[in-house]
Amino acid sequence: MATTLRSVTRLMRRKNLLPMYRTGSMLHSHATSFGYKEVREEEKSQMVGNVFTRVASNYDLMNDLMSGGLHRLWKDRLVSELNPFPGMKHLDVAGGTGDVAFRILERINSVSRRAMRDAFEENLLEETKIYVCDINPNMLNVGQKRAAERGFAEEKSLVWVEGDAEALNFDDNSMDGYTIAFGIRNVTHIEKALAEAYRVLKRGGRFLCLELSHVDTPIVKDLYDLYSFSVIPAVGELVVGDRESYQYLVESIRRFPRQEKFAEMIADAGFQKVEYESLVGGVVAIHSGLKF
């Protein structure tokens, strides 16, 4: 069956239905890639911004359709790894729709309900701050509307901030935790985003990244490639009338560093005890590191 799938893949490539993967040598750097296109660095952030402006209102619906709802379980796993606690200061980057932030807040409240509350515990809850940072105001607007729907409109622990992952407007050593889910592959300079994550974390603070990654198992990889390049853009066109944005999203996954390489980049930024876990055969991976 694997042979058959490879034959179909080659046929699709010959008919230009499935783009050929490009090696790193064909682009000057990862920082100048927009999917499979080579663009100037100053253009990439605007182009990515345009993508998310177009998809913002349907972002969560498309995540459900593309992943079969699995993205919810992956985000649950991310927050479980974070192990949030009352009184923490946490930064969720590229989290405009609030998916991760809501989970963190609910986990903290759940922990608090299980414990015997006293005046100290109440003070800790009041000190909890979860900063939802996103470069795209449209994504933040979606998140704030979702917060209101969940009864979080007056929740003081949630703070919505428009900001750039590569130049965060937060003090050094100010955060207990940092998460970024499905966002780091869209920044222009991954190294700068990692350096900023390291800068804002306190000593002992934890970095966690959930990102679409690379599948190694041959038969799964063939199926995943066919699904990614033929189904996802078509669903994007059918549901939101935007094939181009979802074609970019698929291509950006292939341009993102492999699990081992990304782990090296996290370590190069200064983090220690860097680890990663591949889920669903490598479709996604959770990377983590500690600042000592």
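Predicted, not measured: the structure shown is a model, and the values here were computed from it. Just so you know, these numbers use all the heavy atoms, side chains as well, and skip hydrogens, waters and symmetry mates.
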Practice task
Could you walk me through whether Phe207 and Tyr198 pass the ring pair (Phe, Tyr, Trp, His ring centres under 6.0 Å) test, one step at a time?
Solution key: CA-CA 8 Å; Phe207 166 88; Tyr198 186 85; over 10 Å; no

Practice task
Evaluate the criterion side-chain hydrogen bond (donor to acceptor under 3.5 Å, both in side chains) for residue pair Ser278 and Gln259; output intermediate values, then yes/no.
Solution key: CA-CA 8 Å; Ser278 291; Gln259 290 91 320; 3.2 Å; yes

Problem - Minimum heavy-atom distance between Val132 and Leu140, given as atom pair plus value - result: O-CD2, 3.8 Å

Exercise for the section: Say whether Phe229 and Val280 are linked into one hydrophobic cluster, either directly or through other cluster members, by side-chain heavy-atom distances under 4.5 angstrom. Expected result: yes

Exercise for the section: For the pair Arg150 and Glu155, find out whether any cationic side-chain nitrogen is under 4.0 Å from an anionic carboxylate oxygen. Expected result: no

Practice task
Output yes when a side-chain donor or acceptor of Lys291 lies under 3.5 Å from a complementary backbone atom of Phe271, and no otherwise.
Solution key: no

Practice task
Mark yes or no for whether Ser174, through its side chain, and Phe170, through its backbone, hold a donor-acceptor pair below 3.5 Å.
Solution key: no

Handout entry: Ion pair Glu149/Lys145, N-O distance below 4.0 Å
Key = no

Handout entry: Spatial distance of atom CG (Leu168) from atom CG (Leu91) [nearest 0.5 Å]
Key = 6.0 Å

Handout entry: Check: Phe256 ring centroid to Phe262 ring centroid under 6.0 Å
Key = yes

Problem - SB check Arg72 Asp99 (cutoff 4.0 Å) - result: no

Practice task
Check Lys202, Lys129, Arg203 against Asp176 for a salt bridge (Lys or Arg N to Asp or Glu O under 4.0 Å) and give me the one that passes.
Solution key: Lys202

Exercise for the section: Search all heavy atoms of Leu158 against all heavy atoms of Ala101 and return the closest pair with its distance. Expected result: CD2-CB, 4.0 Å

Handout entry: Closest approach of Met62 to Val235 (non-hydrogen atoms, all atoms of both residues)
Key = CE-CG1, 3.8 Å

Exercise for the section: Verify, without hydrogens or angle tests, whether Ser157 (side chain) and Thr128 (backbone) share a donor-acceptor contact under 3.5 angstrom. Expected result: yes

Exercise for the section: Would you check if there is a donor-acceptor pair between the side chains of Asp134 and Asn136 at a distance under 3.5 Å? Expected result: no

Problem - Distance (rounded to the nearest 0.5 Å) between Glu260 CD and Glu264 CD - result: 8.0 Å

Handout entry: Salt-bridge criterion met for Arg199 and Glu196 (N-O under 4.0 Å)
Key = yes

Problem - Arg146 side-chain N/O to Thr97 backbone N/O, donor-acceptor pair under 3.5 Å - result: yes

Problem - Closest heavy-atom pair and its distance - Val274, Ala263 - result: CG1-O, 3.6 Å

Exercise for the section: Using only heavy-atom distances, determine whether the side chains of Asp222 and Tyr227 contain a donor-acceptor pair under 3.5 Å. Expected result: no

Handout entry: Which residues share a side chain to side chain contact (heavy atoms under 4.5 Å, CB included) with Asn169, sequence neighbours left out
Key = none

Fill in the blank from the handout: Checking Thr179, Asp92, Leu105, Val100 against Val79 for side chain to side chain contact (heavy atoms under 4.5 Å, CB included), the one that qualifies is Val100

Handout entry: Backbone N/O of Glu81 and side chain of Arg206: donor-acceptor pair under 3.5 Å
Key = yes

Practice task
Check whether any side-chain N or O of Ser67 sits under 3.5 Å from a backbone N or O of Asn63 as a donor-acceptor pair, and report yes or no.
Solution key: yes

Problem - Nearest heavy atoms of Pro84 and Ile104, plus distance in Å - result: CB-CG2, 3.8 Å

Handout entry: From Leu208 atom CG to Glu275 atom CD, the distance as rounded to the nearest 0.5 Å
Key = 10.5 Å

Fill in the blank from the handout: Paired with Lys221, the side chain to side chain contact (heavy atoms under 4.5 Å, CB included) test is passed by just one of Asp225, Ile219, Thr217, namely Asp225

Exercise for the section: Begin with the C-alpha distance, continue with both residues' side-chain angles, and end with the deciding distance and a verdict on side chain to side chain contact (heavy atoms under 4.5 Å, CB included) for His90 and Leu82. Expected result: CA-CA 10 Å; His90 183 80; Leu82 176 66; 3.6 Å; yes

Practice task
List in chain and number order the residues that pass side chain to side chain donor-acceptor pair (under 3.5 Å) with Asp216, two or more places apart in sequence or in another chain; answer none if no residue qualifies.
Solution key: Arg258

Handout entry: More than 12 heavy atoms of other groups within 6.0 Å of Glu154 CD
Key = no

Practice task
Give me the ring orientation class for Tyr276 and His287: parallel if the planes are under 30° apart, tilted from 30 to 60°, perpendicular past 60°.
Solution key: parallel

Handout entry: Approximate separation, where rounding is to 0.5 Å, of Glu166 CD and Ile190 CD1
Key = 9.5 Å

Exercise for the section: Tell me whether Met88 is reachable from Phe152 by hopping between hydrophobic residues (I, L, V, M, F, W, Y) whose side-chain heavy atoms are closer than 4.5 Å. Expected result: yes

Problem - Flag, side chain of Ser228 to backbone of Tyr224, donor-acceptor distance under 3.5 Å - result: yes

Handout entry: Partners meeting side chain to side chain contact (heavy atoms under 4.5 Å, CB included) with Gln144 (sequence neighbours left out)
Key = Asn141, Trp160

Exercise for the section: Of all the heavy-atom pairs spanning Glu277 and Arg77, show the shortest one and how long it is. Expected result: OE2-NH2, 2.5 Å

